[in-house]
Protein chains: 2
Amino acid sequence: MSKKEALLKAAENKVRLGGYSNFSFRELACEVGIKSASVHYHFPTKADLGAELAHQYTDSFLAALGEPSELKASGKNPIDVYTQLFRRALVTDKKMCLCGLLGAESDSLPDKVRLEVKRFFNQNLTWLSAAHLTNGEPNPAQAAIQTVSLLEGAMMISKTLDDNSYFELATQ
Amino acid sequence: MSKKEALLKAAENKVRLGGYSNFSFRELACEVGIKSASVHYHFPTKADLGAELAHQYTDSFLAALGEPSELKASGKNPIDVYTQLFRRALVTDKKMCLCGLLGAESDSLPDKVRLEVKRFFNQNLTWLSAAHLTNGEPNPAQAAIQTVSLLEGAMMISKTLDDNSYFELATQ
DNA sequence: GTAAAATTATCGACCAGTAGGTAGTTATTT
DNA sequence: AAATAACTACCTACTGGTCGATAATTTTAC
């Protein structure tokens, strides 16, 4: 793993626990074994780092999902696959969804970071609409926003109350 | 309004836009017209201020709801009343739910603040369970966590995408 | 084939600004 | 006299960011 990748990974862990202001260049640098000045070589500003982090997070999230039509074709319910990805983030990583947390503090984010968080939700809503459509839902757009809202909310409350059974109950 | 009340009000605005780290004693002091050192007279530490803020937020939130049984008795659906309170926070205040934002960054909060955020959700779940029970829901506890999850999630996404129609679609 | 030039990735030293917090003082009110 | 509510002045720690320097590597030119 390159230093740049290591920096992004370290930043992801911090942001998913406490938001955009929960990481500093010094901390990240220390964790990957370089000096804080060197972080600016890879990311000119903190906003650049945050934006690239959210962009990559979105890409790998969507990539992990696959295509709704293909999931359906192989006998899976794409909504279950989507739910599973959130469950994994909560249970395995024991952390919030990166863009869920950043979205909540959206108003105080640098423009280029906020833009990437918007991109995450737009792409998720598109994916979910397609998924609900293949499921024969009468109103796919409505089902899509309800699905992602429920999951983000359940995740946040389970984290807050430190009890994953709330997530299970909400998604059951 | 006393200085102390004004400080809490100013802090609430800041936190609801960008989380716990989005306010400083200096900013608050400046906004209410005192010096930052004087803020420590009212709140010894930042954690004390944050905890009292979350505590009062919870109390006034619950007070604004009223009792589920009384709402039902006066011909209202308590879940609609609950939804309206969230809608007002989003549409009128144009801000996140204080405890929704703090809950997301729960892991990085001082203990006494996190405790107050937990109290918010525990009290909300109790209220919602009672409300769903009076509505004759077969599983009030499940309906309760689903209601609050959907609302917190829809609120966050509507804020992120800067479009309240997502909230309307999700709650419709 | 090699010398010169450019690129990559790092460093130490430093900057102005801000953070939360403390000590001791002063004025006002009870 | 005592409690309340503010002040000035200061502290240490940390923030994101900039500067010029330095090796090591890679590319280009002759």
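Protein chains get the first letters and strands the later ones, always in sequence-line order, with residue 1 at the start of each. Only heavy atoms go into these numbers, but all of them, side chains included; no hydrogens, no water, no symmetry mates.
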Asks: What pairs with B:R119 under side chain to side chain contact (heavy atoms under 4.5 Å, CB included), at least two apart in sequence or on another chain?
Replies: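 Scan of B:R119 (side chain to side chain contact (heavy atoms under 4.5 Å, CB included), adjacent residues dropped) gives B:H55, B:T58, B:D59, B:E116, B:Q123.
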Asks: Treating B:K3 as the side-chain partner and B:V32 as the backbone partner, does any N or O pair qualify as donor plus acceptor under 3.5 Å?
Replies: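 Yes: the side chain of B:K3 pairs with the backbone of B:V32.
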Asks: Per the ring pair (Phe, Tyr, Trp, His ring centres under 6.0 Å) rule, what does the pair list look like for residues 58-96 of chain B, sequence neighbours excluded?
Replies: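 Counting only pairs at least two positions apart or across chains, the ring pair (Phe, Tyr, Trp, His ring centres under 6.0 Å) contacts touching residues 58-96 of chain B are B:F61-B:F86, B:F61-B:F120, B:Y82-B:F86, B:Y82-B:W127.
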Asks: Expressed in angstrom and rounded to an integer, what is the separation of B:H42 atom NE2 from C:dG20 atom C1'?
Replies: 17 Å
Asks: Would a 4.5 Å heavy-atom cut-off, applied to side chains only, mark B:L90 and B:S158 as touching?
Replies: yes
Asks: Using whole Å, report how far OH of B:Y41 lies from C1' of C:dA23.
Replies: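 Nearest whole value for this atom pair: 17 Å.
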Asks: Would a single hydrophobic cluster contain both B:L71 and B:L62, if residues Ile, Leu, Val, Met, Phe, Trp and Tyr are joined by side-chain heavy-atom contacts under 4.5 Å?
Replies: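 Yes, because B:L62 and B:L71 connect within a single hydrophobic cluster, where side-chain heavy atoms sit under 4.5 Å apart.
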Asks: For DNA chain D, what is the dot-bracket line, given that a base pair needs Watson-Crick (N1 to N3, plus N6-O4 or O6-N4) or G-U wobble (N1-O2 and O6-N3) geometry with both distances under 3.5 Å, and | means paired with another strand?
Replies: ||||||||||||||||||||||||||||||
Asks: Write out all pairs satisfying salt bridge (charged side-chain N to carboxylate O under 4.0 Å, His left out) with one or both partners inside residues 67-93 of chain A, taking only residues at least two apart or from two chains.
Replies: A:R16-A:D93, A:R87-A:E168
Asks: Say whether, by atom type as modelled, one donor and one acceptor occur between the side chain of B:K46 and the main chain of B:Y20 under 3.5 angstrom.
Replies: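 Yes: the side chain of B:K46 pairs with the backbone of B:Y20.
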Asks: Between B:E105 and A:E105, does the side chain to side chain contact (heavy atoms under 4.5 Å, CB included) criterion hold? Intermediate values first, please.
Replies: CA-CA 10 Å; B:E105 54 189 11; A:E105 53 189 13; 3.8 Å; yes
Asks: To the nearest angstrom, how far is B:L28 atom CG from C:dA19 atom P?
Replies: 10 Å
Asks: Can you pull out every ring pair (Phe, Tyr, Trp, His ring centres under 6.0 Å) where at least one residue sits in residues 134-172 of chain A? Sequence neighbours excluded, please.
Replies: none
Asks: Given atom CG of B:L7 and atom C1' of D:dA6, what is their separation to the nearest angstrom?
Replies: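 Result: 12 Å.
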Asks: Please determine if a side-chain N or O atom of A:S38 lies less than 4.0 Å away from the OP1 or OP2 oxygen of C:dA9.
Replies: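 False: A:S38 side-chain N/O out of range (4.0 Å or more) of C:dA9 OP1/OP2.
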Asks: Contact list please: residues 102-116 of chain A against DNA chain C, heavy atoms, distance less than 4.0 Å, in numerical order.
Replies: none
Asks: Who are the side-chain hydrogen bond (donor to acceptor under 3.5 Å, both in side chains) partners of A:D162, not counting sequence neighbours?
Replies: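 With sequence neighbours excluded, A:D162 shows a side-chain hydrogen bond (donor to acceptor under 3.5 Å, both in side chains) to no residue whatsoever.
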Asks: Would you kindly give the NZ-to-P distance between B:K35 and D:dC7, to the nearest whole Å?
Replies: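 For the pair B:K35 NZ and D:dC7 P, the rounded distance is 7 Å.
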Asks: In residues 139-149 of chain B, what donor-acceptor pairs under 3.5 Å come from side-chain atoms, sequence neighbours left out?
Replies:
unit_1: B:N139; atom_1: OD1; unit_2: B:Q142; atom_2: N; d: 3.2
unit_1: B:N139; atom_1: ND2; unit_2: B:Q142; atom_2: OE1; d: 3.4
unit_1: B:Q142; atom_1: NE2; unit_2: A:L169; atom_2: O; d: 3.1
unit_1: B:Q142; atom_1: NE2; unit_2: A:Q172; atom_2: O; d: 3.1
unit_1: B:Q146; atom_1: NE2; unit_2: A:A170; atom_2: O; d: 3.0
unit_1: B:T147; atom_1: OG1; unit_2: B:H132; atom_2: NE2; d: 2.8
unit_1: B:T147; atom_1: OG1; unit_2: B:A143; atom_2: O; d: 2.8
unit_1: B:S149; atom_1: OG; unit_2: A:A154; atom_2: N; d: 3.4
unit_1: B:S149; atom_1: OG; unit_2: B:I145; atom_2: O; d: 2.7

Asks: Looking only at side-chain atoms of A:K3, point me to the closest of C:dT10, D:dA5, D:dT8.
Replies: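 Ranking C:dT10, D:dA5, D:dT8 by closest atom to the A:K3 side chain puts C:dT10 first.
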Asks: Sorted by first residue and then second, give each salt bridge (charged side-chain N to carboxylate O under 4.0 Å, His left out) pair with at least one member in residues 132-153 of chain B; sequence neighbours left out.
Replies: none
Asks: Can you build the contact string for nucleotides 15-27 of chain D? Use B for base contact, S for sugar-phosphate-only contact, and - for no protein heavy atom under 4.0 Å.
Replies: BBBB---------
Asks: Could you pull out all residues at least two apart from B:E52 that satisfy side chain to side chain contact (heavy atoms under 4.5 Å, CB included)?
Replies: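 Applying side chain to side chain contact (heavy atoms under 4.5 Å, CB included) to B:E52 gives B:K4, B:L8, B:F43, B:Q56.
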Asks: What protein N or O atoms touch nucleotides 27-30 of chain C N or O atoms at under 3.5 angstrom, if any, and at what distances?
Replies:
none

